[in-house]
Amino acid sequence: MSDHSNDSETREYELEFHGFRFIARAAAPGRSAARGALATEPLILLGGSSQDRFSWLRYERFLLPHATVLTLELPGYGEADPLPVEYGMDFLADTVHHATQALSLARVNVFGACFGAAIALRLAQRHPGSVARLMLGGTAETISPEYTMAAKRWRAMAAERSFDELAQDMVEQFMAPADHGVVRRRAAVARLMRQRFAGLTERELAMDIVHHERLLTHPWSLPDLAVTAPVLVFTGEFDTITPPPVGRRVARDLAGRFTTIKESDHLVQIERDTDLADLIRRYFTDQPLDGLPYLNPVEHFVRA
C-alpha cells in the first residue's frame, strides 16, 4: 500500500516471525525529494504498550526530510497477532531485527519509549552491528514496586470490567500529580488518555494487560550485555513512573548521555511532541544538544 500525500511514500509490509504475523510501515520522502540528501540511517520508532504503527504519524513530517521512518505493529500490538506472555523482550527485539533484514536495512537508528525502550535496548544488546544510534525515553533498569502493584490492579479491574475506573487509574499512574510541577497541556492530555484507555476494544485491552504482565515476568534489561552504539536517555522532568534518577542510572550504566525535557512527565511524546521531534532529529543527525530551550542540561557519562 502506498501513500503519496505530503510528498512522501508509505509502504506497509505484512511479515512473519516464528509463526507470528506483524506489520511494518515504512515512510520515505517522495520522488521529488533528493534521496541522496538524507542525513542519517533509517529510523525505527518503538512506542509503548498501547500504541500501534500509526501512533507516531505526527512525527513523520519533522523526521522524513532527514530519514526514512519505520514504525511497527509487533506481535501483541494493534492488528498483529496476539503474543502470549511467555515471549519477552528478547523475542520482540529479534522480531524488530527480522523486520530490518526483510526490508534490507543494514544499519538503523532506534528510538524506544516506555515499553518500546526495553525492546530497543535489547535490540542494541543482541544485534549491536545493526544499531547506529540508540535513544531511550521513559526507561528503567527494573520494574518498580509501584508499577507492579498498579499492573495487578489493572488486571483485576479488567476482569471485573471496571473500564472507567481502569482508565482513571492508568491516567493517574502515567501522569504526574497536579502539584508535582508544571506539565504542558496537562488537562487536555489527561482527557485524551482517559478516552483512549476507556475506549480500548476487548482485543486491545487483552493485549494491553498481557504487555503489563510481560513486564512483570521478564527482565527489563540485561546489565551484563554492553551497548556499543551511542546512547541518549531522556525523560520528562516530572516523570513519576520512570523518574529522572532512574533514567540517569540507565545512561550511566550505558555510558551515554542523559537529559530531561522541561514541563513534561512520562507522556512527553504527547505533551511536547514538537520539541521531542526536534530532539530526535538533532540526536540522530549528530547535531549539538546543548542550550536547547526545552531541555535541561545534558549530562555525559563515560565507561568506568
Side-chain angles (χ1 to χ4, degrees), residues 15 17-18 20 22 24 40-49 51 67 70-77 83-144 147 211-235 242 245-259 280 283-284 286 299-304:
L15 304 174
F17 185 65
H18 287 262
F20 292 95
F22 69 103
T40 189
E41 291 86 350
L43 170 60
I44 296 180
L45 299 174
L46 300 170
S49 57
Q51 299 183 7
L70 184 70
T71 51
L72 302 170
E73 271 182 3
L74 294 170
Y77 288 77
L83 185 68
V85 72
E86 291 78 15
Y87 294 83
M89 274 62 84
D90 285 350
F91 180 84
L92 289 167
D94 290 347
T95 306
V96 176
H97 184 248
H98 174 75
T100 66
Q101 292 182 313
L103 274 58
S104 300
L105 305 178
R107 275 165 57 85
V108 292
N109 293 315
V110 183
F111 170 93
C114 193
F115 189 93
I119 302 171
L121 175 56
R122 201 65 58 85
L123 176 67
Q125 290 176 321
R126 293 172 65 84
H127 305 281
S130 66
V131 178
R133 301 168 192 80
L134 180 65
M135 185 172 176
L136 306 174
T139 190
E141 296 170 308
T142 59
I143 300 302
S144 69
Y147 183 90
H211 275 302
H212 298 306
E213 293 180 349
R214 200 183 321 278
L215 284 174
L216 302 184
T217 53
H218 297 274
W220 180 280
S221 64
L222 298 175
D224 56 325
L225 288 179
V227 171
T228 57
V231 182
L232 173 66
V233 180
F234 75 94
T235 192
T242 51
V246 173
R248 183 177 289 109
R249 286 197 297 271
V250 173
R252 180 198 62 205
D253 292 344
L254 297 176
R257 286 182 279 177
F258 174 74
T259 189
I280 293 171
Y283 176 65
F284 287 120
D286 300 322
E299 303 170 41
H300 298 249
F301 298 92
V302 297
R303 201 167 302 283

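For this chain, numbers begin at 1 and follow the sequence in order.
- Distance check, rounded to the nearest 0.5 Å: CG of L45 to CG of N109 gives 10.0 Å.
- Rounded to the nearest 0.5 angstrom, L134 CG and T228 OG1 are separated by 10.0 Å.
- By the salt bridge (charged side-chain N to carboxylate O under 4.0 Å, His left out) test, D286 is found to be paired with R133, residues two or more places apart in sequence or in another chain being considered.
- The ring pair (Phe, Tyr, Trp, His ring centres under 6.0 Å) check on H218 picks up nothing, with sequence neighbours excluded.
- If you take CG on L92 and CG on L46, they are separated by 9.5 Å, rounding to the nearest 0.5 Å.
- One distance of note links CE of M89 with CG of L123; it measures 13.5 Å at 0.5 Å rounding.
- Within the structure, salt bridge (Lys or Arg N to Asp or Glu O under 4.0 Å) contacts touching residues 212-222 (residues at least two apart or in different chains) are R155-E213.
- Distance check, rounded to the nearest 0.5 Å: CG of D94 to CG of L74 gives 11.5 Å.
- Every residue two or more places apart in sequence or in another chain that forms a side-chain hydrogen bond (donor to acceptor under 3.5 Å, both in side chains) with Y147 is listed here: H212.
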Identify each donor-acceptor pair in which a side-chain atom of residues 251-258 lies under 3.5 Å from a protein atom, sequence neighbours left out, and give them as a table.
none

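- Every pair tested for salt bridge (Lys or Arg N to Asp or Glu O under 4.0 Å) that includes a residue from residues 106-115 fails, sequence neighbours excluded, so the list is empty.
- Ring geometry for F17 against F91 counts as tilted: the plane angle lies between 30° and 60°, on a 0 to 90° scale.
- In this structure, F111 has its ring center no closer than 6.0 Å to that of F284.
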